[in-house]
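Computed from a predicted model, the values in this text were never measured in an experiment. Count residues from 1 along the sequence.
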Amino acid sequence: QLQLVESGGGLVQPGGSLRLSCTASGFTVDLHAIGWFRQAPGKEREGVSCISSRGGATYYADSVKGRFTISRDNAKNTVYLQMSSLKPEDTAVYYCAAGAYTYCLGYMPRDVRTAWGQGTLVTVSS
């Protein structure tokens, strides 16, 4: 069973930074496009960023471009989301997901194949 576990969330002040981790079990992250999503209270889940397999091309939603960086450590079978210059509107539960293909469709993986996990809560507040 393909499974991803998110971690690294927490409370941070506006302008601060956090690094989220997404660790896979049952499959190799290098063989799939991996995406980060988020869901704020009362809102629908939205795509944030995606990294393709192999070449590792990266894509970002306009709302996070220039502030967030997605990367992959194949040795640890983990994908990261480095978040900087955080804003209160970044507050959300963050999830990661693997696509059925090696490439991203825009800033999301095509055809998500992993079940949604618990996610990790990021709260940006002073």
- request: Taking all non-hydrogen atoms of both residues into account, name the closest pair between Ala97 and Pro109 and its distance.
  value: O-CG, 3.9 Å
- prompt: If you look only at pairs with a residue in residues 29-76, which of them pass as a ring pair (Phe, Tyr, Trp, His ring centres under 6.0 Å), with sequence neighbours excluded?
  reply: Phe27-His32, Phe37-Trp116
When you measure from the side chain of [X] to the backbone of [Y], do you find a donor-acceptor pair of N or O atoms at a distance under 3.5 Å?
X      : Y     : value
Arg72  : Ser52 : yes
Thr114 : Ala98 : yes
Asp90  : Lys87 : yes
Ser63  : Ala61 : no

Kindly compute the distance separating [atom1] ([X]) from [atom2] ([Y]), expressed to the nearest 0.5 Å.
X     : Y      : atom1 : atom2 : answer
Arg38 : Glu46  : CZ    : CD    : 4.5 Å
Cys22 : Ile51  : SG    : CD1   : 11.0 Å
Ile34 : Met108 : CD1   : CE    : 15.0 Å

Can you find a heavy atom in the side chain of [X] that is under 4.5 Å from one in the side chain of [Y]?
X      : Y     : answer
Val122 : Leu20 : yes
Ser84  : Gln82 : yes
Leu81  : Tyr94 : yes
Leu31  : Ser53 : no

Transitive ILVMFWY side-chain link [X] to [Y], under 4.5 Å:
X      : Y      : value
Val124 : Leu121 : no
Ile70  : Leu86  : yes
Val79  : Tyr95  : no
Leu105 : Val112 : no

- request: Begin with the C-alpha distance, continue with both residues' side-chain angles, and end with the deciding distance and a verdict on side-chain contact (heavy atoms from CB on, under 4.5 Å) for Ser49 and Tyr107.
  value: CA-CA 5 Å; Ser49 181; Tyr107 48 83; 5.8 Å; no
query: Listed by chain and number, what are the side-chain hydrogen bond (donor to acceptor under 3.5 Å, both in side chains) partners of Thr120, not counting sequence neighbours?
result: none
Residues 2-19 side chain polar contacts: donor-acceptor under 3.5 Å, at least two apart:
from	atom 1	to	atom 2	distance (Å)
Glu6	OE1	Gly119	N	3.2
Glu6	OE2	Cys96	N	3.0

- request: Using the disulfide bond (SG atoms under 2.5 Å apart) rule, collect all pairs that involve residues 40-80, keeping only residues at least two apart or in two chains.
  value: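 Qualifying pairs: Cys50-Cys104.
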message: Looking at Gln118, I'd like to know if its CD atom is crowded, meaning that more than 12 non-hydrogen atoms belonging to other residues, nucleotides or ligands lie closer than 6.0 Å.
response: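 Not more than 12 within 6.0 Å, no.
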- prompt: Hey, what else clusters with Tyr101 if you join Ile, Leu, Val, Met, Phe, Trp, Tyr whenever side-chain heavy atoms sit under 4.5 Å?
  reply: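 Traced through the cluster, Tyr101 reaches Tyr103.
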- request: Check the side chains of Thr91 and Thr123 for a donor-acceptor pair under 3.5 angstrom, ignoring hydrogens and angles.
  value: no
task: Only pairs at least two apart or in different chains count here, so list each salt bridge (Lys or Arg N to Asp or Glu O under 4.0 Å) that has a residue in residues 93-113.
output: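 For residues 93-113, and leaving out neighbouring residues, there are no salt bridge (Lys or Arg N to Asp or Glu O under 4.0 Å) pairs at all.
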